[in-house]
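Heads up: numbering here begins at 1 and tracks the sequence.
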Amino acid sequence: MVKEYLTVSHIAGPLVLIEETSGIKYGEIAEIELATKEVRRGRVLEVTGDKALVQLFEGTTGLNVYQSRVRFLGKGIELGVSTDLLGRIFDGLGRPIDGGPKIIPEERIDINGNPINPTARDYPTEFIQTGISAIDGMNTLVRGQKLPIFSGAGLPHPQIAAQIARQAKVLGKEEKFAVIFAAMGITFEEANYFITDFRRTGAIERAVLFVNLADDPAIERIATPRLALTCAEYLAFEKDMHVLVILTDMTNYANALREISAARKEVPGRRGYPGYMYTDLSTIYERAGRIKGKEGSITQIPILTMPEDDKTHPIPDLTGYITEGQIILSRPLHRKGVYPPIDVLPSLSRLKEKGIGKGKTREDHGDVTNQLFACYAKGKEAKELAIILGEAALTELDKLYAKFSDRFEEEFLAQGEEENRSIEETLDLGWKLLTMIPTSDLKRIRDEYIKKYLKQESPKSEVQRPKSE
């Protein structure tokens with residue numbers, strides 16, 4: 001029998017203090033019944049002696065200290081899981097909001113999950129095609145990887161997230177692939193964009209959406225990514241599916257963490273964020289990966305907006321330590337009209353080399369990527385030099401590299417929101433651009449690949465490939 005308490009002693013914002021309790025655990029779910037018989041749910045944030053601090057999901061408005069009854073359910077937040085989750089839309093606490101029936105679960109799983117034993121992890125080695133050249137060609141996503149996107153206010157990360165969600169697939173063999181999409185603290189307009197886009201393109205059929213809006217409680221925002229990852233773990237490790245988890249926006253999540261920390265009067269760390277934010281973020285990011293002996297996998301793309309485009313801000317800084325690289329969106333590219341505005345030079349995929357090459361993408365992939373990086377970097381340097389010293393100070397080769405950098409942005413990085421490029425199309429486009437550069441300067445590509453893939457005729461352009469010196 002569940003014990004009831006009439007010992008609410010203090011209410012402060014969303015927090016409620018209950019005294020004279022016993023056997024209460026951190027993270028446990030509580031129900032508070034108001035005098036009007038309305039029932040609200042909350043989560044235990046702290047237990048000290050016989051006192052329990054509970055944060056309510058729905059807020060404390062209308063709560064009466066003397067007439068409120070509190071019940072502790074003896075368990076944390078759980079998600080009822082089954083394959084019927086696919087194609088459905090839920091709120092930030094896992095309740096259906098698409099007008100469909102309630103899910104009849106095969107089992108109920110605690111959303112905090114269990115850490116993966118490091119010795120049981122399998123190394124990520126398989127390529128995932130997103131259809132976006134700047135990612136597939138330059139900063140490849142590998143199955144089981146966690147690769148965040150660092151964005152800024154006003155940049156088109158929602159469009160990029162939706163494009164990846166509908167285009168991402170595993171190459172080679174037909175395998176069960178699902179997308180779990182968790183949105184935290186977004187506006188109704190953004191939520192409507194994602195839902196409409198998923199339905200319009202049919203991507204909803206293989207997706208599960210968890211949507212927490214900006215006006216929803218902060219404590220709910222803490223639960224949303226964990227619900228999404230619990231769903232992903234069930235589909236990946238119980239149903240052998242390959243799952244891509246997209247989490248947006250992790251900055252809103254971290255701000256909710258700071259809000260709750262302030263309500264608990266904890267000593268703040270950097271910029272007011274709690275000192276345990278690194279540990280908290282790691283409990284989300286480290287739930288990606290592969291497990292030996294299991295067919296399924298979880299690949300993660302967390303998206304965060306850097307406050308003031310600052311890469312040293314605590315949220316991107318700590319995220320960079322935990323994850324395996326980052327995709328950085330560029331405001332100057334966005335101003336030029338380049339979509340997606342991915343700045344490939346500071347971007348990085350630490351597992352890229354493990355997921356490309358013969359039998360995975362194409363034998364020339366690694367060499368082409370390295371050469372494109374080198375040529376684009378030289379072109380950017382040449383353009384910066386021209387700004388300082390004037391274009392007359394540039395050599396003919398410098399001017400060629402400057403021209404290359406412009407065409408690289410216009411033709412390779414830029415593509416339509418509905419454009420889904422195969423990895424072969426991306427690599428062929430790279431080779432086409434490399435015809436601008438003298439063959440003697442292609443020092444990062446093996447000769448056999450130059451003979452096999454480099455088309456000797458110049459592309460239709462006013463720039464002709466100069467003779468080798």
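A salt bridge does not link Arg362 with Glu424: none of the charged nitrogens is closer than 4.0 Å to a carboxylate oxygen. Ion pairing of Glu418 with Arg200 is present here, as a side-chain N (NZ or NE/NH1/NH2) and a carboxylate O approach within less than 4.0 Å. For Arg287 and Glu233, the salt-bridge test passes: some basic side-chain N is under 4.0 Å from an acidic carboxylate O. Residues Glu259 and Arg221 are not paired through a salt bridge, judged by the lack of any N-O separation under 4.0 Å between the basic side chain and the carboxylate. The existence of a salt bridge linking Lys294 and Asp122 is excluded, since no basic side-chain nitrogen approaches an acidic carboxylate oxygen closer than 4.0 Å.
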Practice prompt. Apply side chain to side chain donor-acceptor pair (under 3.5 Å) to Gln159 and Tyr193, showing your working.
Written response: CA-CA 9 Å; Gln159 290 88 335; Tyr193 166 78; 5.0 Å; no
Worksheet item: Run the salt bridge (Lys or Arg N to Asp or Glu O under 4.0 Å) check on Glu28 and Lys75 step by step: do they pass?
Response: CA-CA 5 Å; Glu28 194 171 329; Lys75 60 183 180 181; over 6 Å; no
Discussion item. Walk me through whether Gln129 and Asp136 qualify under side chain to side chain donor-acceptor pair (under 3.5 Å).
Written reply: CA-CA 6 Å; Gln129 180 175 289; Asp136 295 347; 5.4 Å; no
Worksheet item: For Leu147 and Gln300, what are the C-alpha separation, side-chain angles and deciding distance, and is it a side chain to side chain contact (heavy atoms under 4.5 Å, CB included)?
Response: CA-CA 6 Å; Leu147 184 64; Gln300 235 185 74; over 6 Å; no
Worksheet item: Under the salt bridge (Lys or Arg N to Asp or Glu O under 4.0 Å) criterion, do Arg143 and Glu126 qualify, and how do the steps go?
Response: CA-CA 5 Å; Arg143 185 191 292 174; Glu126 294 168 280; 3.1 Å; yes
Practice prompt. Please assess Ile77 against Arg43 for the test side chain to side chain contact (heavy atoms under 4.5 Å, CB included), listing each intermediate value before the final yes or no.
Written response: CA-CA 8 Å; Ile77 303 174; Arg43 180 169 171 259; 4.1 Å; yes
Practice prompt. Start with the C-alpha distance between Tyr123 and Lys292, add both sets of side-chain angles, then the distance that settles side chain to side chain contact (heavy atoms under 4.5 Å, CB included), and finish with yes or no.
Written response: CA-CA 9 Å; Tyr123 204 87; Lys292 292 174 183 173; over 6 Å; no
Item to complete: Any chance you could lay out the side chain to side chain contact (heavy atoms under 4.5 Å, CB included) test for Val47 and Ile24, step after step, and finish with the verdict?
Response: CA-CA 7 Å; Val47 179; Ile24 308 303; 4.2 Å; yes
Worksheet item: Does the pair Asn139 and Ser347 meet the rule for a side chain to side chain donor-acceptor pair (under 3.5 Å), with working shown?
Response: CA-CA 7 Å; Asn139 295 285; Ser347 297; 4.5 Å; no
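Using a 4.5 Å cut-off on side-chain heavy atoms (C-beta onward), Phe210 and Arg226 make no contact. Contact check for Asp309 versus Arg331: side-chain heavy atoms found under the 4.5 Å cut-off. With contacts defined as side-chain heavy-atom distances shorter than 4.5 Å, the pair Arg350/Leu348 qualifies. Phe198 places none of its side-chain heavy atoms less than 4.5 Å from the side chain of Glu205. Inter-residue side-chain proximity for Leu318 and Met277 is flagged as met; some heavy-atom pair is nearer than 4.5 Å. Put simply, the side chain of Ile104 does not reach to within 4.5 Å of the side chain of Ser82, judged on heavy atoms. Looking only at side-chain heavy atoms (C-beta outward), Met250 and Tyr285 come within less than 4.5 Å of each other. The shortest side-chain heavy-atom distance between Leu63 and Leu56 falls under the 4.5 Å cut-off.
The ring of His313 has its center closer than 6.0 angstrom to the ring center of Tyr273.
Summarising the geometry, atom CG belonging to Leu345 is positioned 10.0 Å from atom CD1 belonging to Ile328; distances are rounded to the nearest 0.5 Å. Rounded to the nearest 0.5 Å, atoms OG (Ser349) and CD (Gln145) are 4.0 Å apart. Between the CD atom in Glu353 and the CG atom in Asn370 there is a gap of 6.5 Å [rounded to 0.5 Å]. Remark: Leu304 CG to Met184 CE distance equals 10.0 Å, nearest 0.5 Å. Annotation: the span from Thr224 atom OG1 to Tyr253 atom OH amounts to 9.5 Å, rounded to 0.5 Å. The line from OG of Ser9 to CD1 of Ile18 is 8.0 Å long, rounded to the nearest 0.5 Å.
Side-chain atoms of Asp91 come within 3.5 Å of backbone N or O of Arg95 as a donor-acceptor pair. Between the side chain of Glu58 and the backbone N or O of Arg41, at least one donor-acceptor pair lies under 3.5 Å. Checking side-chain atoms of Gln55 against main-chain N and O of Pro14 turns up no donor-acceptor pair under 3.5 Å. Looking at Thr48, its side chain never comes within 3.5 Å of a backbone N or O of Lys51 through a donor-acceptor pair. Judged purely by atom type and a 3.5 angstrom limit, Asn212 has no side-chain atom pairing as donor or acceptor with the backbone of Gly92. His365 places a side-chain N or O within 3.5 Å of a backbone atom of Gly137 that can act as its donor or acceptor partner. Checked by atom type and distance alone, the side chain of Thr125 never pairs as donor or acceptor with a backbone atom of Lys354 at under 3.5 Å. Looking only at distances, a side-chain donor or acceptor of Glu425 sits under 3.5 Å from a matching main-chain atom of Ser422. Checking side-chain atoms of Gln163 against main-chain N and O of Glu417 turns up a donor-acceptor pair under 3.5 Å. Between the Thr305 side chain and the Gly152 main chain, no donor and acceptor come within less than 3.5 Å of each other.
The heavy-atom pair separating Glu266 from Ser261 by the smallest distance is OE1-OG, 2.6 Å. Shown here for Ser133 and Arg421, the closest heavy-atom pair between the two residues is OG-NH1, 2.8 Å. Counting all heavy atoms, side chain and backbone alike, Lys239 lies closest to Lys176 at O-NZ, 2.9 Å. Here the shortest heavy-atom pairing between Arg290 and Glu295 reads NH2-O, 3.3 Å. Across every non-hydrogen atom of Pro96 and Gly100, the tightest pair is CB-O, 4.4 Å. Contact record, Asp98 with Gly87: OD2-O, 4.3 Å, taken as the closest heavy-atom pair.
No more than 12 heavy atoms of other residues, nucleotides or ligands shown are found within 6.0 angstrom of OH on Tyr321. Enclosure of atom OH in Tyr276 by more than 12 non-hydrogen atoms of other residues, nucleotides or ligands within 6.0 angstrom is indicated.
Neither side chain, Tyr5 nor Glu19, offers a donor N or O lying under 3.5 Å from an acceptor on the other. In summary, the side chains of Glu419 and Tyr339 do not present any donor paired with an acceptor at a separation below 3.5 Å, with no hydrogens or angles considered.
Ring geometry, Phe181 versus Phe194: the interplanar angle falls from 30° to 60°, so the pair is classed tilted. Taking the six-membered ring for Trp and thresholds of 30 and 60 degrees, Phe408 and Tyr376 have ring planes inclined between 30 and 60 degrees apart.
Thr36 meets the side-chain hydrogen bond (donor to acceptor under 3.5 Å, both in side chains) test with no other residue; sequence neighbours excluded.
In summary, of the residues considered (Leu351, Ile356, Thr130), a side-chain contact (heavy atoms from CB on, under 4.5 Å) with Thr140 occurs for Ile356 alone.
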